**Student:** 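Below you will find the structure I want to go over with you.
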Amino acid sequence: MKIPRQDMPVQEPEDRVRNFDEVALGFTLDLARKEAERCLQCKEPHCMEGCPVEVTIPEFIEAVRVGDMAKAVEIMKSKNNLPAICGRVCPQEVQCEQRCILGKKGEPVAIGRIERFVGDFELANKTFEVSKGPATGKKVAVVGSGPAGLTCAVDLGRMGHDVTIYESLHTPGGVLVYGIPEFRLPKERVIRAEIETAAKALGIRILTDHVIGRTLTIDELMSEHDAIFLGTGAGLPMFMRIPGINFSGVMSANEFLTRVNLMKGYLFPEFDTPVKVGKRVAVIGAGNVAMDSARCALRLQSLRASENGAQKGAEVHIVYRRSPAEVPARLEEVHHAKEEGVIFDFLTNPIEILGDDKGLVRSMRCIRMELGEPDESGRRSPIPIKGSEFEMEVDQVVFALGTNPNPLVFLNADGLQRTRHGTAVANQETGRTTMKGVWAGGDLVTGAATVISAMGAGKRAAADIDRYLKGEIDW
Ligand code: FAD
Ligand code: SF4
């Protein structure tokens, strides 16, 4: 009998909008094994082609099917050191699962859900020990502790190099910690556990509060290390150039999410972090960052309402200039946001933010859009419909329109070239930059992308750094 794709248990929408606990609860062993049974064990599996770190997908699924979890972990960890994270946040529907043969006529194997189960099993049971290779005596500085930096550092540690991570914030993890909310990616149980295990087992030093470009320059780092990897991400937010963006109540998604996540605004009332949450919030954009902002705003509205009395009429809108077909966020996040009550205003674009006499946001003027011919991104371009302007009553506007790399890391690093978009110039295969001994990868090179693509870049750079330091290849 054909086995249907197994659903993952989740918190009910009406419960979860009142807390920041994880929404998706994960497979049980039975569910994971049942889902694993669906895999056809293709002789030429296409799923692997969709994975940027080349996890041997059919092999780990087979180990789960027969219940050999230690083996599943070992197979997974040989390619991916952060499966509990990737299983939660990777856009599998456009990666491995999109290539799964079962998806041609029905639903693909739920590779991400099984991966998450394997990652969580390992965190709970510690069946796998990462070990440091024989010491090479070479020192490497890794700048930035997001997925690119962490992956590069762990691989280099396993290869026997002496690694120090320099991180500008007070907590390591990059976007995994300051951007993606607790209800999608639990910080203590998943991220801290992964980082601590790697740091302890491999002797990686993590120096927080070190802003490279300011605290130390690349030249200064170079004088003490044999190689440098830059994984400083793309944390500089973009705004629209429309009147009114200086009113109080307008902010970037980065600022909003950092206050909620890193500065513990989500632990209200235990932590009374100053974080503005309006009664009627508009989030501009429809990527993962926009979904996270909208869903955080909903939760904070309910938490504050239960503390201060009901907030009648509280609403959160996603305002997006294209149609549902172009939404860039993961399908699951959009589905969850809708279930929780986020209102979607498609084909709508803000043209002005209006304030009151105290300088606070009071509303937003918008215009309706229609879709024209595809633009250079391949998506149909939005065109304003003349005379369709209208006013939307809002008291907070959060911009989630994408980010660029922060230029700080380039300070006093003359040999390090940037593209006109502000990203680092680097070889896609090796990560080598235009400065001898310096590699780069992740969002710093690609612009805002995904966790797994950043990890893939960290891996490729670590392999190249290793060969270079061992004298197997020249610069
Ligand atoms: P980052 O994660 O940005 O890490 C860079 C690190 O470098 C940071 O810790 C930063 O503090 C540090 N740094 C910066 N400058 C310096 C300096 N000068 N000196 C020292 N340290 C410095 N991707 C997905 O695949 N799935 C998702 O569901 C998803 N959701 C997202 C939700 C949000 C809210 C955001 C913002 C992004 C999301 N992404 C998602 C994208 C993904 O998180 C990024 O592509 C990924 O984190 C990039 O990794 P990175 O290591 O290149 O950079
Ligand atoms: Fe299994 Fe799908 Fe990969 Fe084939 S393509 S091995 S069915 S996960």
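Worth saying up front: this structure is predicted, and the values here are computed from it rather than measured.
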**Student:** Rounded to the nearest 0.5 Å, what's the gap from CD on Glu49 to CD1 on Ile57? Could you check?
**Tutor:** 10.0 Å
**Student:** Are the side chain of Asp292 and the backbone of Ile180 linked by a donor-acceptor contact shorter than 3.5 Å?
**Tutor:**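 Here the side-chain-to-backbone pair does not exist.
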**Student:** Is a side-chain N or O of Glu182 found less than 3.5 angstrom from the main chain of Asn261, in a donor-acceptor match?
**Tutor:** no
**Student:** Please find out if less than 6.0 Å separates the ring center of Phe20 from that of Tyr266.
**Tutor:** yes
**Student:** Provide the full list of salt bridge (charged side-chain N to carboxylate O under 4.0 Å, His left out) pairs with a residue in residues 348-357, sequence neighbours left out, each pair given once.
**Tutor:**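 For residues 348-357, and leaving out neighbouring residues, the salt bridge (charged side-chain N to carboxylate O under 4.0 Å, His left out) pairs sorted by first residue read Glu352-Arg365.
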**Student:** Without swapping roles, check the side chain of Asn80 against the backbone of Met76 for a donor-acceptor pair under 3.5 Å.
**Tutor:** no
**Student:** Please list, chain by chain and in numerical order, all residues satisfying side chain to side chain contact (heavy atoms under 4.5 Å, CB included) with Thr348, sequence neighbours excluded.
**Tutor:** Val319, Asp345, Cys366, Arg368, Phe390
**Student:** Would you list the pairs meeting salt bridge (charged side-chain N to carboxylate O under 4.0 Å, His left out) in which at least one residue belongs to residues 256-269, sequence neighbours left out?
**Tutor:**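 Output for this query lists Glu255-Arg259.
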**Student:** Val211: which residues meet the side chain to side chain contact (heavy atoms under 4.5 Å, CB included) condition with it, sequence neighbours left out?
**Tutor:**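 So Val211 forms a side chain to side chain contact (heavy atoms under 4.5 Å, CB included) with Ser168, Arg214, Thr215, Leu408.
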**Student:** With a sphere of 6.0 Å drawn around CZ of Arg362, does it hold more than 12 non-hydrogen atoms of other residues, nucleotides or ligands?
**Tutor:**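 Yes, enclosed.
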**Student:** Partners of Arg5 by side chain to side chain contact (heavy atoms under 4.5 Å, CB included), sequence neighbours excluded?
**Tutor:**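 Result, side chain to side chain contact (heavy atoms under 4.5 Å, CB included) vs Arg5: Glu35, Arg38, Glu97, Glu107, Pro108, Ala110, Arg113.
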**Student:** Could you pull out all residues at least two apart from Lys386 that satisfy side chain to side chain contact (heavy atoms under 4.5 Å, CB included)?
**Tutor:**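 Per chain and number, Lys386 pairs via side chain to side chain contact (heavy atoms under 4.5 Å, CB included) with no residue.
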